[in-house]
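These notes concern the structure reproduced below.
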Amino acid sequence: MNKSVRTRFAPSPTGFPHVGNMRTALFAWLFARHEGGSFIVRIEDTDVTRKVKGAVEAILDGLRWLELDWDEGPEVGGKYGPYFQSQRLKLYHGAAERLISQGDAYYCYCSPQRLEEMRAEQVRRKQPPGYDRHCRELSAEERRQKEAEGIIPVVRFKTPLEGQTRFNDLIWGGVTFENSTIDDFVLLKSDGYPTYHLANVVDDHAMEISHVIRAEEWISSTPRHLLLYQALNLEPPQFIHHPMILGPDRVKLSKRHGAVSIIEYREQGYLPETMLNFLALIGWSLDDKTELLSRQELVDNFSLERIGKTGAIFNRDKLGWMNGVYIRGLSPEDFVQRSLPFLDKGLPLEVKRPLDIDYVRQIMPLIQERAKTLADVAELTKFFFVDELDYKKHPPIGKNMDAAASATALEASRQRLQALEMFDEASLEASLRPLAGELDLNTGQLFGTLRVASTAEVATPPLFQTMAVLGKERCLIRIKSALDRLSVLRS
RNA sequence: GGCGCAUUCGUCUAGCGGUUUAGGACACCGCCCUCUCAAGGCGGAGAUCACGGGUUCGAAUCCCGUAUGCGCUACCA
């Protein structure tokens, strides 16, 4: 009997949605969708002290942004709920009690101080750190005494002293651990919350998870989980550990490497389709050449077998390139709509809001192939919106020209443009291109001077298109002010 | 220190014993296009497949060591 595929994303609300976690979610989601199974989100809020307010919302936002829809979990519910571990405490207590009564777990009364000293001593003597099993064989009398002292115990697993635990990871193959290297880990903390180890085993079973997909850092914990499944007489799921995302220094990607939250990438103007594609390609590949894959292609082609084994550095250059590719692929109107919030946020305060949408629609096609991120859009177009240009950075003087020659060129252009009836790209070109020769300038010189005059920038979209969008009136005013600027420079 | 895992251009990767003078992408360089910047086209440089031993007629591909790196080693996940 082939059990249906059920994968889960089990984030801990102790921070914001890290791109590494989101990729784990993506892999689990892709596998579920590819197999026609279910994707479950479960919030592992068992660490009361590290809980961060708003983290659950941020995580769900991240998932929604990437459109990783979940079949069961927060907000949507499901028949295996609740999907917050803090609401499932009874289940963990039940499991812990069962293990205690079976003799597979025990109460431990050791104080944090004692544990700390023990660890320090072990490190000092270069011994493997781990619980020394001090409370493993306490007598009933000893326990009563500790209880009488008012010590609230933790519950520890009675790890078998001998034998080995092995599992077959779909990506790594067979991995074997000696039980003797695993200490008696905590199952239930003294505050009544379970540790990850217990909760994750209890829930993965209760929720009938078929494939546990998680990062490589969990490999060493897996034998503990297996031991728990065994003690509880439950059938373990299939384990899949994928490699991690690294920073440029090759260690696990973290805050000090810069942006790590998926939300930050949204704010920096990356498209969700870019992030989806890019994240999928960290550690997974389709073949020897395919780089660009749509959501549907990803779902259709995803397979666990093609996940690699080595950690991958998060390559921002490539992300930028890919985002440019996706931006260029947007329909003009879609690009406008997606850019609007960024224009609103990024344009100088002096620019009147709301923006003239028709004007924006004329502008955006001019920069669509020049933007790497949506956040670039304001900087790329601000000269279209401001009333006063500032020529301090780039004086309106053409290449190998002086102020006088530039003024002559601008004045000639001004007259020419003044007389123009149609102010579209073709008319502008028909009028200005011949002018260059008449002024004994090359086109680069004339157009360059006009470019700076009308935009105060040296790099812009094509001159005639730009001027056409700016419109006759604006262009003439700007040429006039460039002329004024030149006379200041000459005096 | 212990345990586990990994190692192909700067980076991401393809490769799963012969089709490989190791393929693609980003980044880089050059040329073309061109009014600038992009985009695009063409081309270039860049990997003795970590190292050392085997196995084999033949190894990046299989085996064993070594080195390096990473992960775990909490009443965190």
Side-chain angles (χ1 to χ4, degrees), chain A residues 10-15 21 44-47 49-50 108 110 112 115-116 119 122-123 125-131 152-156 169 172-173 175-178 180-183 185-191 193-197 199-200 214-223 241 243-244 246 248 250-252 278 281-292 306 308-322 324-325 328 367-372 380 399 429 432-433 436 442-452 455 457-464:
Chain A
S12 161
T14 52
N21 294 133
E44 310 227 325
D45 51 351
T46 56
D47 187 338
T49 58
R50 290 204 313 153
C108 167
C110 292
L115 295 176
E116 206 174 301
R119 231 173 339 253
Q122 287 165 336
V123 170
R125 294 169 56 183
K126 292 192 185 289
Q127 301 215 313
Y131 182 57
I152 300 169
V154 300
V155 174
R156 284 183 186 274
D169 189 287
W172 306 79
V175 186
T176 307
F177 289 84
E178 292 293 332
S180 60
T181 62
I182 305 169
D183 74 347
F185 53 97
V186 173
L187 260 20
L188 228 44
K189 303 182 248 183
S190 57
D191 63 2
Y193 280 82
T195 58
Y196 171 83
H197 305 302
N200 133 74
R214 59 182 19 166
E216 182 190 340
E217 55 194 333
W218 291 107
I219 289 182
S220 334
S221 299
T222 305
H241 292 93
M244 296 179 307
L246 276 22
R250 293 217 141 268
V251 302
K252 186 156 74 163
F278 186 72
L281 249 30
I282 300 181
W284 177 85
S285 65
L286 173 60
D287 55 28
D288 59 340
K289 40 182 65 87
T290 310
E291 305 277 344
L292 270 9
R306 293 201 59 87
K309 290 185 181 180
T310 55
I313 293 174
F314 192 86
N315 187 340
R316 272 162 214 271
D317 277 335
K318 192 158 181 174
L319 209 216
W321 162 77
M322 190 176 282
V325 171
R328 274 171 251 134
I367 60 139
Q368 188 161 359
E369 69 180 29
R370 292 169 172 76
K372 264 202 163 71
L380 252 20
K399 201 174 178 190
E429 176 147 22
L432 294 172
R433 194 173 285 281
N442 62 41
T443 49
Q445 291 177 304
L446 205 221
F447 299 166
T449 310
L450 277 167
R451 162 171 294 108
V452 177
T455 67
E457 299 285 346
V458 289
T460 72
L463 217 219
F464 309 126

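Worth saying up front: this structure is predicted, and the values here are computed from it rather than measured. Order of the sequence lines sets the chain letters (A, B, ...), proteins ahead of strands, with each chain counted from 1.
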Quiz item: Got a donor-acceptor pair under 3.5 Å from the side chain of A:Gln122 to the base of B:G1?
Solution: no
Quiz prompt | A:Arg328 side chain near B:G40 phosphate (N/O to OP1/OP2, under 4.0 Å) | solution = yes
Exercise. Return yes if some donor-acceptor pair links the side-chain N/O of A:Arg306 with the main-chain N/O of A:Ser285 below 3.5 Å, else return no.
Key: yes
Quiz prompt | G-U wobble or Watson-Crick pairing nucleotide for B:G71 (cut-off 3.5 Å, both distances) | solution = B:C3
Self-check item: Closest to side chain of A:Tyr196, choosing from B:G4, B:A6, B:A77
Solution: B:A77
Exercise. Report yes if a side-chain nitrogen or oxygen of A:Ser220 is closer than 4.0 Å to either non-bridging phosphate oxygen (OP1 or OP2) of B:G4; otherwise report no.
Key: no
Quiz item: How many Å lie between CH2 on A:Trp218 and C1' on B:C3, as a whole number?
Solution: 17 Å
Self-check item: Residues forming a side-chain hydrogen bond (donor to acceptor under 3.5 Å, both in side chains) with A:Asn442, sequence neighbours excluded
Solution: none
Self-check item: Distance, rounded to the nearest Å, where A:Glu217 contributes CD and B:C76 contributes P
Solution: 16 Å
Quiz item: Would one find a side-chain N or O of A:Lys309 under 4.0 angstrom from OP1 or OP2 of B:A6?
Solution: yes
Quiz item: Between the side chain of A:Thr195 and the main-chain N/O of A:Val186, is any donor-acceptor distance below 3.5 Å?
Solution: yes
Quiz item: What heavy-atom pair brings A:Arg451 and A:Pro461 nearest, and what distance separates the two atoms?
Solution: NH2-O, 3.9 Å
Quiz prompt | Length of the CZ-P vector between A:Phe278 and B:A27, whole Å | solution = 12 Å
Practice problem: Go through B:C37, B:C26, B:C35 for me and flag the one nearest to the A:Asn315 side chain. | Solution: B:C26
Quiz item: Can you name the one residue among A:Glu217, A:Lys309, A:Arg214, A:Glu216 that meets side-chain hydrogen bond (donor to acceptor under 3.5 Å, both in side chains) with A:His241?
Solution: A:Arg214
Quiz item: Sub-3.5 Å donor-acceptor pair from the side chain of A:Thr290 to the main-chain atoms of A:Asp287, do we have one?
Solution: no
Practice problem: Take atom CG of A:Leu246 and atom P of B:G10, then tell me their distance rounded to the nearest Å. | Solution: 17 Å
Self-check item: Distance-only donor-acceptor test, A:Arg250 side-chain atoms vs B:C70 base atoms, 3.5 Å
Solution: no
Practice problem: Check whether any side-chain nitrogen or oxygen of A:Arg433 sits under 4.0 Å from OP1 or OP2 of B:C35, and answer yes or no. | Solution: yes
Exercise. Say whether, by atom type as modelled, one donor and one acceptor occur between the side chain of A:Glu44 and the main chain of A:Asn200 under 3.5 angstrom.
Key: no
Quiz prompt | Candidate nucleotides B:U11, B:G71, B:G23, ranked by approach to the side chain of A:Ile313 - the nearest | solution = B:U11
Quiz item: Which nucleotide, B:C5, B:G71, B:A27, lies nearest any side-chain atom of A:Trp321?
Solution: B:A27
Self-check item: Pairing partner (Watson-Crick or G-U wobble, both distances under 3.5 angstrom) of B:U36
Solution: none
Quiz item: What's the CD-P distance between A:Gln368 and B:G40, to the nearest Å?
Solution: 13 Å
Self-check item: Proximity to the side chain of A:Lys252 - top-ranked nucleotide from B:C35, B:C72, B:G40
Solution: B:C72
N/O contacts under 3.5 Å, protein versus nucleotides 73-75 of chain B?
{"residue": "B:U73", "atom": "O2'", "partner": "A:Pro129", "partner atom": "O", "Å": "3.3"}
{"residue": "B:C75", "atom": "OP2", "partner": "A:Arg156", "partner atom": "NH2", "Å": "3.4"}
{"residue": "B:C75", "atom": "O2", "partner": "A:Ser190", "partner atom": "N", "Å": "2.8"}
{"residue": "B:C75", "atom": "O2", "partner": "A:Ser190", "partner atom": "OG", "Å": "2.8"}
{"residue": "B:C75", "atom": "N3", "partner": "A:Ser190", "partner atom": "OG", "Å": "3.1"}
{"residue": "B:C75", "atom": "N4", "partner": "A:Cys110", "partner atom": "O", "Å": "3.4"}

Exercise. Please work out if A:Thr176 contacts a base, only the sugar-phosphate, or nothing of the nucleic acid, heavy-atom cut-off 4.0 Å.
Key: sugar-phosphate
Exercise. Check every strand shown and say whether A:Val175 touches a base, only sugar-phosphate, or nothing at a heavy-atom separation below 4.0 Å.
Key: sugar-phosphate
Quiz prompt | Sugar-phosphate, base or nothing in reach of A:Ser12, heavy atoms under 4.0 Å | solution = sugar-phosphate
Self-check item: Residue pair A:Val458, A:Val452: steps toward the side-chain contact (heavy atoms from CB on, under 4.5 Å) verdict
Solution: CA-CA 6 Å; A:Val458 289; A:Val452 177; 4.1 Å; yes
Quiz item: Which nucleotide, B:A14, B:C12, B:C37, lies nearest any side-chain atom of A:Arg306?
Solution: B:A14
Self-check item: Candidate nucleotides B:A77, B:A14, B:C5, ranked by approach to the side chain of A:Thr46 - the nearest
Solution: B:A77
Self-check item: Proximal nucleotide (of B:G4, B:U36, B:A77) relative to the A:Glu44 side chain
Solution: B:A77
Quiz item: Taking atom CD1 of A:Ile152 as the centre, does the number of heavy atoms from other residues, nucleotides or ligands within less than 6.0 Å exceed 12?
Solution: no
Quiz item: B:U11 P sits how many Å from A:Asp317 CG, rounded?
Solution: 13 Å
Quiz item: Which is true for A:Met244 with a 4.0 Å heavy-atom rule: it touches a base, it touches only sugar-phosphate, or it touches nothing?
Solution: sugar-phosphate
Quiz item: Atom CD of A:Glu178 to atom P of B:C3: distance rounded to whole Å?
Solution: 9 Å
Self-check item: Watson-Crick or G-U wobble mate for B:A47, both contacts under 3.5 Å
Solution: none
Self-check item: B:C26 - base-pair partner by Watson-Crick or wobble geometry, distances under 3.5 Å
Solution: B:G10
Quiz item: Checking all strands, does A:Lys318 fall into the base, sugar-phosphate, or nothing category for heavy-atom contacts under 4.0 angstrom?
Solution: base
Quiz item: Which nucleotide, B:G2, B:C35, B:G24, lies nearest any side-chain atom of A:Glu291?
Solution: B:G24
Quiz item: Just by modelled atom types, is the A:Pro129 backbone N or O under 3.5 Å from a matching donor or acceptor in the A:Arg119 side chain?
Solution: no
Quiz item: Which part of the nucleic acid, if any, lies within reach of A:Gly324 when heavy atoms closer than 4.0 Å are counted: base, sugar-phosphate only, or nothing?
Solution: nothing
Quiz item: Atom CG of A:Leu380 and atom P of B:U36: how far apart are they, to the nearest Å?
Solution: 17 Å
Self-check item: Opposite nucleotide pairing with B:U61, Watson-Crick or G-U, both atom distances under 3.5 Å
Solution: none
